Amino acid sequence: MLDKNYNPKDFEEKIYEKWEKDGDFKPDMKSDKDAFCIVIPPPNVTGVLHMGHALDDTLQDILIRYNRMLGKKVLWQPGTDHAGIATQMVVERNLAKEGISRHDLGREKFIDTVWQWRKQSGGTICKQLRRLGASCDWSRERFTMDEGLSAAVRKIFVKMYKDGLIYKAKKLVNWDSKFMTAISDLEVVQKETIGKMYYYKYPIEGEAGEYIHIATTRPETMFGDTAVAVSKNNDKLKHLIGKNAILPIVNRPIPIIADDHADPEKGTGAVKITPAHDFNDFEVGRRHNLPLINILNPDATLNENTPFPGLDTQTARQKTIEKLEELGLMEKIEDHPMVIPYGDRSGVVIEPLMTDQWFVDTPKLAKEAIRVVEDGEMEFVPKSYEKTYFEWMRNIQPWCISRQLWWGHQMPIWYAEDGTIFCEETEDEAQAAADKHFGHHVELTRETDVLDTWFSSGLWAFSTLGWPYENSEYLKTFYPTSVLVTGFDIIFFWVARMMMMSMYAMKQVPFKKAYIHGLVRDEQGRKMSKSKGNTVDPMETIDKYGADALRFFMAAMETQGRDINLSENRIAGYRNFATKLWNAARFGEMNEAKPSKDFSPTLVKQAINKWIIAKAKEATLEVTNNLDAFRFSDAANGVYQFVWGTFCDWYIEMIKPILYGDDETAKQETKATFAWVMDRILVILHPFMPFITTELWDNLAARDEKLIKHAWPQDEAIDNHATAAIDWVIDTVSAIRSLRSEMNLPASAKLKAYIKDSSTDVSSYVKEFSNIICSLSRLDSIEELNGTITPDMVQTVSGSTTILLPLKGVVDFSAERERLQKEIAQLDKNLAGYAAKLSNANFVERAPAKVVEEEKKRQTEALANKAKVEAALARIANL
RNA sequence: GGGUGUGUAGCUCAGGUGGUUAGAGCGUUACGUUGACAUCGUAGAGGUCGCAGGUUCGAGUCCUGCCACUCCCACCA
């Protein structure tokens with residue numbers, strides 16, 4: 001017996017545990033069916049589930065469950081990411097609470113601490129994914145720092161190094177002074193701010209009283225200046241080219257050079273050049289062979305190349321200005337809108353800094369990654385994201401992969417004392433290579449830098465499947481994977497890197513399709529963030545409304561290319577939908593509608609049952625087609641509409657007279673049909689709402705087979721002729737209900753109704769369905785009009801059918817006249833439209849014959865209806 | 001500066017290849033406790049589809065321009 005109330009808490013977790021225990025998420029490797037595989041975008045080990053995950057993983061689970069039911073060999077490969085900076089940050093923060101820094105511990109102990117920390121709290125997000133219903137094969141859970149995945153990292157790294165695709169270079173990189181590491185371009189976020197523009201002047205060497213005027217937003221960097229640039233087309237300033245300016249405070253002469261980087265229209269037309277601290281200046285410096293002077297320490301304080309060693313940049317800036325003012329060189333300070341780079345994780349200002357770093361030659365790797373998308377080997381859904389991808393890939397810069405962190409994959413690089421580099425997968429191999437190279441034993445030291453987290457994530461599609469060491473059945477079976485589902489915000493971080501790394505390592509795309517979705521925003525459409533305090537915890541939502549409601553919300557709201565605004569109201573609405581289904585199932589249970597093995601939908605005799613079977617098959621086809629096209633909202637709304645609007649609102653109401661009547665044959669068939677349709681609903685709803693569907697499946701009958709593995713119905717014949725009769729009943733009932741409501745006929749008023757229609761079909765419908773119609777529209781009786789229309793009959797028209805209600809004494813006829821006038825006005829409006837079209841020779845000649853025919857039919861029908869309404873009006877003219 | 005997307009009912013949004021009277025949920029109005037469900041039912045009100053042109057027999061849908069907003073990338077000495 002089902003509980004009176006739908007209470008997801010009672011069964012969701014229990015059901016999940018059973019699935020997992022029974023191994024239902026594992027692919028049947030012996031099956032000869034097609035493979036279907038999704039690798040999960042690995043959440044950070046430090047992470048907790050947020051609404052973005054809830055969306056991403058719901059969509060994946062829908063696809064996974066759908067394909068599993070299609071009978072494919074299905075693997076959803078789960079795992080987590082070690083998330084270098086993020087994790088190190090969290091662990092360091094925890095240590096800081098005890099007053100310990102990572103340096104107190106030393107590298108090895110610190111890394112141990114991270115592993116310990118991962119052990120105790122690393123499983124949180126995977127537990128939360130289980131609450132959501134994610135049917136991942138947890139027995140294959142991977143972590144980017146696992147030995148297997150680390151082996152993959154080492155192998156690829158060495159191969160790339162030997163292929164010349166990884167190299168070390170001294171370059172200007174984005175430097176994060178909080179973590180004291182280089183970061184990639186993508187980890188820098190630009191923020192608009194109102195800063196200051198400082199105007200001051202440098203004296204010209206040997207020309208007393210002559211100055212060159214400078215404008216800068218960062219005066220403190222002047223100690224790193226090694227030139228001033230002026231455009232050779234700058235008539236006002238070009239005479240200074242070739243002379244020297246004297247850098248004030250430090251009194252160092254620097255050349256005034258000609259370079260087009262200096263735009264005569266901007267600032268003062270003269271630009272101070274600081275090659276070691278500005279990306280543009282670096283290029284200018286290279287063109288002119290300028291020396292580089294580094295003025296910063298790794299923590300972004302000024303160094304001993306400046307008069308202010310140890311001061312942070314802000315303080316040094318003030319000091320510099322004071323000095324310039326003392327020297328009488330400061331001219332003015334203006335507000336200036338500008339964009340300042342910040343570290344996306346650290347939140348501190350990013351400094352361009354000259355350091356030795358390791359790079360991947362991404363411009364080279366991008367070529368194949370671009371080609372396979374051009375050739376359609378990998379498709380973006382929606383397709384428009386291709387453009388974003390191409391745009392970025394075609395302008396890609398070398399990727400800085402070295403991080404001066406501790407938590408991550410230490411690079412497999414060893415240095416001999418003379419600096420010779422040996423890159424091998426193991427220390428022994430490196431040693432052997434070094435010894436051979438030098439002809440004798442040499443001491444090696446290992447590179448301390450670790451790799452950017454995204455390096456190992458880039459291998460995720462094949463490293464999780466066992467590459468390179470396991471001779472993996474899984475790799476053979478599931479690679480390339482079927483589809484990747486992820487947010488547009490990590491196309492560059494991850495999708496692009498996976499494409500490049502996979503094409504390089506595997507010579508095959510990592511996934512055949514990439515489904516890209518938007519962001520989950522708050523109710524007002526604002527981005528959710530902890531700092532704004534507008535985040536909603538999916539776990540709380542699940543506690544309150546059930547996982548099924550949250551999942552269905554995500555599916556129903558997911559339309560391609562748009563963000564989703566979270567709406568608690570709407571989630572509650574989908575909880576109500578689950579309640580509705582629950583109660584429909586209870587209705588079946590109370591009426592002993594049990595699924596029967598002998599039942600075949602093709603043998604059904606009664607129109608009502610034929611009708612619902614055809615509708616159920618239509619709904620199935622709709623869901624199937626939409627899921628195949630990744631149209632999640634259309635798929636979800638299709639089931640929703642069928643369950644609530646068709647099955648509950650019409651079918652259940654229509655079969656009540658049968659179930660409470662005494663035609664045993666009809667009753668039995670109806671019960672069996674009900675059960676069949678209920679089962680069908682559970683099947684097609686299962687990918688969206690796995691919990692309630694399973695709970696009902698298991699409770700409504702003894703089953704041979706689990707719902708999660710039940711076959712998805714395919715290639716069904718739909719009897720399109722089976723629906724006409726019941727569609728007519730629905731139209732008729734709707735028309736009568738409207739009429740009753742518009743005329744304010746009390747619900748208690750039991751009425752007689754007459755039907756007038758020339759069609760012989762309708763004659764038989766009236767007899768066959770009179771009890772259904774009466775029950776649904778609260779009539780005493782309904783029959784064909786036998787005789788003439790009496791003046792007190794109020795009429796309404798539906799299609800070719802005229803419905804007449806004798807209402808003498810029940811109704812205010814002036815209101816009825818008004819209603820009929822309104823109806824005539826509406827018909828006139830439509831008729832004018834039809835006439836305009838049909839009298840247009842162009843339309844009649846050029847539109848397809850079918851369209852013209854339809855238009856004529858509509859016109860004829862409207863004319864007939866108008867005549868009827870006018871007649872009705874005439875009849876009651878004097879009442 | 002380069003690129004992308006969006007603008008449809010009070011609100012949040014659907015409307016693959018142009019073709020009935022433009023849909024849903026929520027909200028709202030009226031009625032209703034009828035033997036699954038008030039987490040409900042029935043009926044209704046509510047839209048010049050951002051603006052202006054164009055293509056077409058026919059445009060919410062295609063094209064051009066404009067307005068407003070979103071996001072991404074680059075850069076601003």
Side-chain angles (χ1 to χ4, degrees), chain A residues 2 4-6 185 190 197 214-218 221 228-229 261-263 266-274 278-281 284 336-339 384-385 387-388 391-392 395 488-489 491-492 518-519 523-525 556-557 559-565 567 569-570 572-591 625-626 629 631 633-634 637 640-641 645 648-649 652-653 656 659-660 734 737-742 744-748 775-778 826 829-830 833-834 837 840-848 850-852 854-855 857-858 862:
Chain A
L2 292 174
K4 180 156 170 36
N5 294 311
Y6 163 63
D185 298 348
Q190 310 285 347
M197 180 70 88
I214 305 290
T216 180
T217 53
R218 306 197 55 189
T221 63
V228 174
H261 170 60
D263 182 342
K266 277 188 185 169
T268 61
V271 186
K272 67 192 269 304
I273 302 298
T274 323
D278 181 283
F279 289 99
N280 285 315
D281 291 5
V284 177
H336 182 71
M338 54 195 288
V339 179
S384 56
Y385 283 108
K387 270 192 178 172
T388 316
E391 187 62 25
W392 191 71
N395 297 301
F488 73 89
D489 49 330
I491 292 180
F492 303 144
L519 244 51
E523 200 117 34
Q524 283 85 43
M557 297 302 287
T559 51
Q560 291 183 8
R562 263 186 105 119
D563 289 344
I564 291 177
N565 293 354
S567 159
N569 234 337
R570 204 152 174 149
Y574 291 123
R575 189 268 326 268
N576 295 353
F577 173 60
T579 308
K580 187 80 183 170
L581 176 66
W582 187 266
N583 281 306
R586 280 181 62 230
F587 174 80
E589 198 180 44
M590 288 170 179
N591 288 285
N625 289 340
N626 284 316
R631 301 177 65 87
S633 72
D634 288 340
N637 291 328
Y640 181 96
Q641 188 48 46
C648 292
D649 286 350
I652 290 184
E653 294 308 320
K656 280 177 182 173
L659 294 177
Y660 306 145
S734 299
R737 283 172 172 174
S738 286
L739 186 66
R740 290 187 70 124
S741 170
E742 277 170 44
N744 291 318
L745 299 177
S748 55
S775 137
L776 294 189
S777 41
R778 302 181 68 78
Q826 180 61 44
K829 205 176 124 197
N830 294 348
Y834 304 142
K837 269 192 182 175
N840 180 342
N842 271 328
F843 173 74
V844 179
E845 282 161 28
R846 306 172 83 150
K850 204 182 119 211
V851 175
V852 178
E854 276 171 19
E855 200 69 13
K857 214 177 111 194
R858 272 175 227 133

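Values in this document were obtained by computation on a predicted structure and should not be read as measured data. So that the names make sense, note that chain A is the first sequence line, chain B the second, and so on, each numbered from 1.
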Visitor: Considering heavy-atom distances to RNA chain B, does A:A584 or A:A229 have its closest nucleotide positioned more toward the 5' end?
Guide: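 Closest to the 5' end, via its nearest nucleotide, is A:A584.
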Visitor: Using atom C1' of each nucleotide, how far apart are B:rG1 and B:rG16 to the nearest Å?
Guide: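 Going atom to atom, C1' in each nucleotide, I get 35 Å.
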Visitor: For A:Y6 and A:N576, what are the C-alpha separation, side-chain angles and deciding distance, and is it a side chain to side chain contact (heavy atoms under 4.5 Å, CB included)?
Guide: CA-CA 9 Å; A:Y6 163 63; A:N576 295 353; over 6 Å; no
Visitor: What is the distance from CD of A:E391 to C1' of B:rA74, rounded to the nearest Å?
Guide: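 That distance rounds to 10 Å.
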Visitor: Within less than 4.0 Å of OP1 or OP2 of B:rC72, is there a side-chain N or O belonging to A:K387?
Guide: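 No.
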Visitor: Using nucleotides 18-20 of chain B, report all nitrogen or oxygen pairs with the protein that are shorter than 3.5 Å.
Guide:
from	atom 1	to	atom 2	distance (Å)
B:rU20	O2	A:R858	NE	3.3

Visitor: Convert the base pairs of RNA chain B into dot-bracket notation, remembering that pairs crossing earlier ones are written with [ ] and that bases paired across to another strand are shown as |; include only Watson-Crick or G-U pairs under 3.5 Å.
Guide: (((.(((..((((.....[...)))).(((((.......))))).....(((((..]....)))))))).)))....
Visitor: Between protein and nucleic acid, restricted to nucleotides 40-42 of chain B and to nitrogen or oxygen atoms under 3.5 Å apart, what atom pairs and distances do you find?
Guide:
from	atom 1	to	atom 2	distance (Å)
B:rC40	OP1	A:N576	ND2	3.0
B:rC40	O3'	A:K580	NZ	3.2
B:rG41	OP1	A:K580	NZ	3.3
B:rG41	OP1	A:W644	NE1	2.4

Visitor: Rounded to whole Å, please give me the gap between CG in A:L739 and C1' in B:rC31.
Guide: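 Roughly 15 Å, once rounded to whole Å.
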Visitor: Ignoring hydrogens and angles, tell me if any N or O in the side chain of A:R740 forms a donor-acceptor pair with the backbone of A:R778 under 3.5 Å.
Guide: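 Side chain of A:R740 to backbone of A:R778, a donor-acceptor pair under 3.5 Å: yes, one is there.
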Visitor: Would you mind reading off the distance between A:H261 atom NE2 and B:rC75 atom C1', rounded to a whole angstrom?
Guide: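 Those two atoms, NE2 and C1', are 10 Å apart.
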Visitor: Which is true for A:Y385 with a 4.0 Å heavy-atom rule: it touches a base, it touches only sugar-phosphate, or it touches nothing?
Guide: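 If one applies the 4.0 Å heavy-atom cut-off, A:Y385 turns out to touch nothing in the nucleic acid.
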Visitor: Looking at every strand, decide which applies to A:R575 at a 4.0 Å heavy-atom threshold: base, sugar-phosphate, or nothing.
Guide: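 Touches a base.
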Visitor: Looking at A:R740, does any N or O in its side chain come under 4.0 Å of the phosphate oxygens OP1/OP2 on B:rC31?
Guide: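 No, no such contact exists.
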Visitor: Tell me the interatomic distance from A:N583, atom CG, to B:rA38, atom P, rounded to whole angstroms.
Guide: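 So the CG-P distance, A:N583 to B:rA38, works out to 7 Å.
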Visitor: OH of A:Y6 versus C1' of B:rA38: gap in Å, rounded?
Guide: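 Distance, rounded to whole Å: 18 Å.
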Visitor: In whole Å, measure the gap between the C1' atoms of B:rU8 and B:rC69 for me.
Guide: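 After rounding to an integer number of Å, I get 16 Å for this pair.
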Visitor: Tell me which of A:E653 and A:Y574 sits closer to the 5' end of RNA chain B, going by the nucleotide each one is nearest to.
Guide: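 Nearest nucleotide further toward 5': that of A:Y574.
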Visitor: Could you give the distance from CZ (A:R631) to CG (A:N637), rounded to the nearest 0.5 Å?
Guide: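 Between atom CZ of A:R631 and atom CG of A:N637 there are 11.0 Å.
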Visitor: Base, sugar-phosphate, or nothing for A:T388, non-hydrogen atoms under 4.0 angstrom?
Guide: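 Result for A:T388 = nothing.
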Visitor: Please work out if A:T217 contacts a base, only the sugar-phosphate, or nothing of the nucleic acid, heavy-atom cut-off 4.0 Å.
Guide: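 Sugar-phosphate, no base atom in range.
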Visitor: Starting at atom CG of A:D263, determine the distance to atom P of B:rG1, rounded to an integer number of angstrom.
Guide: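 Rounded to whole Å, this separation is 15 Å.
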